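Order of the sequence lines fixes the chain letters, A, B, ..., with proteins taken first and strands second; residue numbering starts at 1 for each chain. Just so it is clear, the model here is predicted, and its values are computed rather than measured.
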Amino acid sequence: MKKALGIIAIFLAIFVFASLYGENFLTGINLMQLTQRTALYAILALGAALVIVTGGIDLSIGSVVCLAGITTPWLLIEHEWSPWAVVPTVLAMSAGIGLFHGLLITRLKLQPFLVTLCGLLLYRGIARWMTGDQTQGFMGEHGDLRKLATGRFEIPGVENFLLPATVIPAAILAIVIGVFYSRTVWGRWLLATGRNESAARYSGIPTAGLVTISYVGCSLLAGFGGMLFIFDISSAQPSDFGNFYELYAIAAAVLGGCSLRGGEISVIGVIFGAATLQVLRTTIILVGLSSQLEFAVIGAVLLLGVAADEGVRRFLSRRLERSAAAVR
Amino acid sequence: MKKALGIIAIFLAIFVFASLYGENFLTGINLMQLTQRTALYAILALGAALVIVTGGIDLSIGSVVCLAGITTPWLLIEHEWSPWAVVPTVLAMSAGIGLFHGLLITRLKLQPFLVTLCGLLLYRGIARWMTGDQTQGFMGEHGDLRKLATGRFEIPGVENFLLPATVIPAAILAIVIGVFYSRTVWGRWLLATGRNESAARYSGIPTAGLVTISYVGCSLLAGFGGMLFIFDISSAQPSDFGNFYELYAIAAAVLGGCSLRGGEISVIGVIFGAATLQVLRTTIILVGLSSQLEFAVIGAVLLLGVAADEGVRRFLSRRLERSAAAVR
Amino acid sequence: QDGTAKLVAAQKARIEAYKAKPEAKPHVAFVSNGVADFWTIAKAGAIAAGKQLGCDVTVEFPGGGLGDQKRMLEDLVIKGIDGISVSPIDPANQVEVMNLVAEKSILITNDSDAPKAPRLCYIGMDNYEAGLMCGKLAREGTKNGAGGGKVAIFIGRLEQDNAKRRRQGFIDGLLGRTPDPTRYDEPATVINEAGYTIVGTWTDSFDRAKAKANIEDVLIKHPDLALMTGLFEYNSTLAVEVLRQTGKIGKVQLAAFDEGADVIAGIKEGFVLGTVVQDPYGYGFESVRVLLAFTKGDMSMVPENGVINIPAKVIKKDNAEAFWKDLKAKIKAGKDAK
Amino acid sequence: MMSRPMQPERSDQRPVVLSVRGVGRRYAGVVALAGVDLEIRGGEVLAIVGENGAGKSTLLKILSGVVQPSEGSVAVADASGALRELALDGVREATDAGIALVHQELNLAENLDVAGAIYLGREPSRFGFLDRARMRAESARWLARVGLDLDPGTLCGTLRIAQRQLVEIAKALSTESRILILDEPTSSLTTRETERLLEIMDELRRAGVAVVFVSHHLDEVMKIADRVVVLRDGRKTGELARGEYDRAAIERLMVGRDIARAERRAVAADAATRLEVHGLVTTHRRRVPASLAVRAGEIVGLAGLVGAGRTELLEAIAGLGASSGIVRLDGRALPAGASARVRAGVALVPEDRARNGLFLEDSVATNMSLAWIDRSSRARLVDARGERGMVERMVGRMQLRPAQPSRRVQTLSGGNQQKSVIGRWLAIHPAVLLLDEPTRGVDVGARAEIHAEVRRLAEQGSAVVFASSELEEVLMLADRILVMYEGVIAGELSAHEATEIAIMQLATGGGTPRAHPPTAQP
Ligand SMILES: Nc1ncnc2c1ncn2[C@@H]1O[C@H](COP(=O)(O)OP(=O)(O)OP(=O)(O)O)[C@@H](O)[C@H]1O
Ligand SMILES: Nc1ncnc2c1ncn2[C@@H]1O[C@H](COP(=O)(O)OP(=O)(O)OP(=O)(O)O)[C@@H](O)[C@H]1O
Ligand SMILES: [Mg+2]
Ligand SMILES: [Mg+2]
């Protein structure tokens with residue numbers, strides 16, 4: 001929680017700014033859409049956090065989003081599979097990818113960066129080849145299935161705001177992952193493994209298995225996220241769908257307090273990290289800045305944010321130290 | 001050198017394959033163009049290796065390539081500066097970017113991944129905003145300056161093969177960097193810093209300064225590379241120029257034996273890493289595979305390569321252990 | 001289809017209502033399908049129209065494909081924009097977001113049409129037609145020489161509808177087939193027809209270094225290549241560059257697309273057959289003009305079939321100079337407007 | 001305090017709980033262990049001694065399943081007492097068989113709290129969910145047992161090395177194993193904690209637990225061990241029961257010769273002051289400024305309990321960590337920052353060698369020449385030939401084993417790793433040498449060598465300050481002794497007036513009117 005304070009502060013600052021200067025920022029529909037996008041990206045970011053906890057990294061998230069996302073309409077529309085077969089197939093394929101990464105990393109001891117970088121190229125390549133670089137979409141069909149991402153729920157007593165359906169899986173995942181790391185034995189083992197692998201091994205912890213499972217989890221979430229993404233946008237091109245999503249996911253996780261050295265996680269932080277990125281992007285349009293500036297603004301604001309966060313942290317810890325000294 | 005053997009073997013395997021099955025692979029012009037591309041990417045990869053040695057990472061390489069590359073014709077053509085002013089300005093700007101990264105990382109102790117990820121967004125954003133998303137090119141002018149990248153030299157006694165001019169800076173850089181790490185005190189200290197930062201500090205090594213210089217070097221090479229790239233391709237579009245180049249650079253460095261945990265470098269390995277990626281790309285075309293498959297093939301071949309490399313290494317070390325015992 | 005008709009009717013009703021009470025200071029938007037010079041010229045047109053006719057204009061370039069375009073359209077709707085002209089990346093699958101725009105605002109399309117969407121009109125040309133022009137240009141160029149030979153096609157990517165149509169048009173034009181926009185030749189297969197061998201289509205996902213490498217590598221693989229075409233602006237520009245660098249000028253013909261500076265220079269020098277140019281400035285200008293008229297309750301400039309045609313032009317040695325001057329003036333106007 | 005006699009029982013009637021037959025272990029290039037037979041009985045304390053690199057840690061790791069033997073077998077008694085051969089291929093199996101090991105090189109996950117570290121791998125849980133309350137309560141009990149006054153919620157990353165050592169011991173104790181294996185558990189503990197640990201070992205022995213431990217401190221060994229096994233070059237050279245051994249006998253079996261102890265010599269009374277520390281305040285927590293002066297040729301020892309602040313003081317002098325105050329060398333005030341101070345000639349051998357001293361993946365040569373290459377470089381170019389010569393000489397002088405400069409430090413035994421760090425600084429003749437626990441994990445012979453080297457350096461005019469938790473070492477090496485208590489220099493004793501009792505009195509606050517309870521409570 002303490003680790004998340006920084007990103008929550010950054011988020012609030014941007015939110016307040018956007019409310020003041022953005023047109024129609026505080027409208028139900030905008031908040032709804034922000035919630036939707038945050039939920040989608042949060043699912044990827046939670047996945048990224050799973051492997052970051054182990055001290056690893058997954059650069060293939062964007063490509064798995066692409067492959068899983070593209071495969072869904074490809075099977076449904078081109079091959080006319082039933083949704084009941086497609087969803088499990090896509091999820092199993094994503095989990096298989098994670099398993100493959102995990103085994104290469106834990107058994108063959110290859111560097112996670114390298115393995116998942118190859119993955120980044122490989123899965124996108126497969127998606128492009130499989131579809132012959134053709135856009136894949138639902139052609140207006142399977143509206144019911146797509147409700148998983150496009151559905152909206154009324155909240156009793158609240159007007160002008162409908163809750164996007166994606167919030168439900170995102171919230172469940174967040175809670176499960178949060179509980180997993182703070183309350184379960186395995187979560188604790190993973191935290192220990194992430195920071196000091198040999199200490200964990202000496203304590204009899206099956207580190208290889210746990211790390212492998214983390215990669216499975218990450219790819220599974222990426223695949224699940226990819227499915228929801230394409231349900232949401234209804235069609236995608238294999239060559240650009242999901243490009244750079246791994247960076248957004250990792251950025252959200254790191255902003256949210258996961259150290260890339262491993263062993264740290266804050267689920268609340270990760271979600272606020274994802275939300276911050278989305279609010280920033282929307283703010284740029286609603287405030288009326290040119291979209292050419294989007295990248296520059298996001299980069300500058302994040303950099304300022306983390307630098308300020310670090311500055312404040314240092315200032316506080318110095319104050320704390322001094323007051324502790326005064327007490328003695 | 002020993003670390004480079006794996007990638008050299010992978011390179012040779014691909015090279016032999018391409019010679020056998022690729023149309024016109026072993027022609028002077030193809031080898032010349034491969035040399036040119038390898039030299040260009042090797043400059044970026046050497047830069048990436050500089051920060052990887054410190055245990056850091058630089059994700060902004062592609063964006064610095066873009067900013068430096070775009071700024072060059074922008075100043076030359078749009079603002080009609082003289083080349084004598086433009087080249088130093090662009091290089092100074094690149095070095096400044098590296099200094100900025102280095103200070104944030106060593107003084108404010110921000111995570112390299114986060115700082116340079118923000119850089120990735122920021123510099124591309126600046127390039128897009130500065131040029132109004134307009135393609136920048138030389139309009140057929142400054143042919144002399146562009147000779148830096150487009151020049152070709154005859155090698156006495158060799159026919160059908162001209163040496164691309166970019167080989168000269170690449171070779172000089174490789175030698176300087178190689179000597180730096182193996183022969184100078186600072187190089188040795190940087191290797192030590194990458195291995196164990198805290199022990200380096202305890203040994204009186206000015207770690208912060210050296211690490212900062214490494215980031216300066218990386219961005220400087222990225223900027224220099226960006227300049228050569230645009231000399232070579234003559235015009236570029238700010239929104240896509242240099243996209244993903246950081247991944248190619250880092251991949252080449254890591255394939256070449258730089259561990260992302262820091263403290264290791266092999267200049268020869270890095271160059272072969274860069275060459276491998278380029279040969280692979282060309283091979284796909286000359287062998288006649290669909291370019292849709294390019295990504296998939298690169299990813300798969302690299303993965304296979306490193307896995308095989310690791311396998312062989314293990315086998316040898318096990319043999320060594322056994323034979324050592326037999327000697328006694 | 002029912003829903004589409006309803007949305008069209010709703011938009012028309014909204015426009016009708018503007019007759020009584022026109023928007024005070026209308027705000028309209030122009031959304032491209034990516035980032036390119038083509039679009040900066042369109043932007044110049046849009047902004048010039050905004051200045052001339054008196055309204056606010058927002059121009060957005062989605063850099064990240066479909067998802068990005070969807071996000072921008074949603075955000076513009078939230079912002080409360082009066083009308084949007086969009087170049088849809090994948091019309092068949094973007095029905096929902098276009099419905100959203102039509103529901104809350106007014107929707108027209110440019111550059112790439114979405115006839116099934118509730119758009120009130122389309123401003124642009126037919127990419128198949130333009131491709132056909134380019135193909136004919138290539139056919140003439142090679143007929144003057146030996147005729148026939150190996151042909152290579154370079155294009156940024158093939159996913160988008162306009163790219164597919166443009167490529168197909170080129171092929172049909174080159175081979176002298178009877179035009180049929182619904183035809184589709186697989187990119188992976190080699191076409192042997194009418195004395196031509198189309199050896200392949202190479203894509204690069206907008207990575208120019210890669211695009212250049214593609215051309216270089218194909219020239220190595222096929223030293224006897226007779227003709228090539230770059231169907232996106234930079235493909236042609238890079239083709240010119242490679243021809244210069246490898247000394248293949250005159251040996252390999254080039255039929256170009258769009259108005260890259262190097263391409264125009266090549267036409268003037270005489271080693272580029274010619275280029276097919278669209279009028280992005282016109283797309284931008286017309287889009288704003290039409291949307292603005294809507295906010296005043298005026299629908300008169302929309303023809304019966306809903307297509308406002310702004311045809312492509314073939315630029316050859318004779319008209320290159322005049323075209324280039326005019327273009328420069330337009331770009332300058334656009335920049336100054338910013 | 002050291003007085004309570006520890007009564008041994010007749011141990012050879014006890015049941016054998018662990019037995020190894022002909023175990024050996026080879027690594028690329030060395031034989032770490034060869035043909036060792038050993039029987040361990042319940043209710044006995046078995047000490048394993050030997051020089052650095054003799055194979056002690058390797059043997060212990062084999063016993064506890066961390067390392068697989070290249071040959072030979074390990075058998076463990078099951079519940080009925082019958083020996084069952086175990087293909088020990090993992091820590092888990094060894095743990096299940098009732099074996100617990102405390103490693104020589106400490107291994108705590110820094111992001112866990114102390115309770116989490118103690119119960120890592122065996123967390124009390126209900127349906128897979130942690131039972132935190134129980135974990136905390138029980139770990140508090142185990143911390144008290146080892147005499148560590150620490151909140152179980154403290155993060156391990158903030159612990160100093162002695163505290164980490166005690167946490168690891170508490171962790172091993174908490175498994176309530178039948179066989180407890182401790183690899184140099186006392187190397188970073190002060191007398192008080194060592195004393196306590198010996199008592200615990202005695203209690204465990206009475207409860208029927210088999211305790212195996214390694215120590216380079218023969219007095220500890222002789223006080224508690226029922227049996228001593230001596231290893232040399234990976235082979236067992238002797239096994240002595242209580243009563244059969246004395247110090248000299250063991251040393252002879254270990255080294256093959258008698259160890260000469262260096263003579264103390266006097267510091268010239270008129271020697272100039274080299275190092276002067278004035279009003280040094282570290283920002284960490286102290287407000288009490290420390291001041292001290294060391295003359296050329298003088299060796300000053302710092303004594304104190306765990307957490308007394310010796311490390312903090314030495315690090316501040318070396319320019320590490322934020323501090324204010326003046327440090328002068330030969331009258332000149334030194335700039336802040338470790339690299340400036342090293343350049344001026346102030347060197348520190350840190351107490352935590354794995355974290356702050358060594359580049360584990362690098363070779364011995366690289367580790368040793370790190371400071372030297374700077375001194376000898378021309379135009380910043382490394383003198384490669386000179387470097388090779390220097391390293392070879394230093395390997396000989398420090399008696400590194402195996403004497404291979406190209407060996408990765410990680411594969412050296414603990415004591416040889418320590419020698420590599422000291423060698424790094426001896427190579428540059430620093431004007432001021434600061435040593436924090438200089439002989440941690442170093443064997444008797446090598447310790448004498450290191451002492452001799454330190455003395456030689458002092459004789460050449462350097463000022464030496466060292467901190468040691470071993471009173472014996474302080475008494476043996478120092479010309480003058482400063483005793484620290486709760487971050488303050490509580491008193492000063494000259495070599496001839498110093499005794500263990502006098503030091504302990506100052507170290508526990510007896511020298512000052514303030515009567516805080518000592519850090520470590522019984
Ligand atoms: N992983 C390894 N790879 C190669 N050699 C090793 C490895 N581990 C230990 N050795 C070698 O095995 C020998 C025995 O080492 P070990 O650590 O058992 O010694 P030790 O008796 O515990 O010494 P110390 O008292 O210094 O701790 C040494 O020569 C050491 O260099
Ligand atoms: N950087 C730090 N962070 C947290 N606590 C610290 C730090 N430095 C010192 N301390 C605390 O200051 C006290 C003094 O520690 P120090 O290590 O200097 O003592 P010491 O006499 O060397 O004892 P030890 O035998 O543990 O090495 C300890 O209680 C320690 O917890
Ligand atoms: Mg040992
Ligand atoms: Mg200490």
Side-chain angles (χ1 to χ4, degrees), chain A residues 22-34 36-37 40 65-66 69 73 77 124 128-129 131-141 143 146 150 229-230 232-245 248 278 281-292 294-295, chain C residues 1 3 27 29 31-32 34-35 40 43 56 58-81 88-100 104 116 155-161 163-164 184 186-188 201 203-207 338:
Chain A
E23 269 174 275
N24 299 330
F25 183 83
L26 281 184
T27 55
I29 178 165
N30 186 42
L31 296 180
M32 182 181 85
Q33 252 152 25
L34 279 177
Q36 165 87 339
R37 292 180 203 153
L40 286 172
V65 164
C66 173
I77 304 296
R124 184 171 300 280
R128 292 184 59 181
W129 165 76
T131 60
D133 257 345
Q134 296 301 307
T135 303
Q136 301 297 314
F138 293 100
M139 304 294 179
E141 293 177 40
R146 290 184 52 208
T150 57
F229 263 107
I230 202 155
D232 187 44
I233 58 178
S234 102
S235 77
Q237 294 163 338
S239 70
D240 60 25
F241 180 41
N243 259 343
F244 287 119
Y245 281 18
Y248 284 117
Q278 295 314 313
R281 295 176 88 173
T282 295
T283 304
I284 290 165
I285 290 185
L286 293 192
V287 167
L289 288 175
S290 137
S291 63
Q292 284 156 9
E294 176 184 327
F295 274 10
Chain C
Q1 295 319 337
H27 190 167
V31 179
S32 76
V35 187
T40 32
K43 180 180 180 180
D56 285 337
T58 295
V59 180
E60 299 283 1
F61 295 169
L66 271 163
D68 224 20
Q69 192 176 56
K70 172 173 190 279
R71 181 179 65 85
M72 285 177 167
L73 289 173
E74 286 172 355
D75 284 350
L76 284 171
V77 167
I78 289 167
K79 202 175 154 97
I81 213 90
I89 299 174
D90 179 22
N93 282 299
Q94 284 180 301
V95 177
E96 280 140 59
V97 69
M98 289 198 273
N99 285 352
L100 175 77
K104 310 257 170 182
K116 295 207 183 98
I155 191 164
R157 54 178 183 188
L158 270 178
E159 293 90 321
Q160 49 206 60
D161 198 52
K164 273 183 265 184
Y184 186 66
E186 279 297 327
T201 303
T203 59
D204 50 60
S205 306
F206 297 138
D207 177 348
K338 179 183 83 175

query = Given that the side chain runs from C-beta out, which part of N243(A) has a heavy atom under 4.5 Å from chain C: side chain, backbone, both or neither?
reply =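 Nothing of N243(A), per the 4.5 Å heavy-atom cut-off to chain C.
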query = Which bit of R281(A) comes within less than 4.5 Å of chain C, counting heavy atoms only: side chain, backbone, both or neither?
reply =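 R281(A) touches chain C through backbone and side-chain heavy atoms alike.
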Can you measure from [atom1] ([X]) to [atom2] ([Y]) and round to the nearest 0.5 angstrom?
| X | Y | atom1 | atom2 | value |
| --- | --- | --- | --- | --- |
| D75(C) | T283(A) | CG | OG1 | 9.0 Å |
| D90(C) | T135(A) | CG | OG1 | 4.5 Å |
| I29(A) | L100(C) | CD1 | CG | 6.0 Å |
| T150(A) | E96(C) | OG1 | CD | 6.5 Å |

Is there a side-chain contact between [X] and [Y], using heavy atoms and a 4.5 Å cut-off?
| X | Y | answer |
| --- | --- | --- |
| S235(A) | L66(C) | yes |
| T203(C) | R128(A) | yes |
| I285(A) | E74(C) | no |

query = Is it true that atom CZ of F295(A) has more than 12 heavy atoms of other residues, nucleotides or ligands lying nearer than 6.0 Å?
reply = no
message = Can you tell me which of E23(A), E294(A), Q237(A) forms the most heavy-atom pairs within a distance under 4.5 Å of chain C?
response =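 Ranked by contacts with chain C, first place is Q237(A).
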task = Heavy atoms only, distances under 4.5 angstrom: which of M72(C), Q69(C), Q94(C) has the most pairs with chain A? Name it, please.
result = M72(C)
key: Contact class of K79(C) relative to chain A, heavy atoms under 4.5 angstrom   = both
key: Shortest non-hydrogen contact from I78(C) toward T27(A)   =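 Scanning both residues completely, I find the closest heavy atoms to be CG2-OG1, 4.1 Å.
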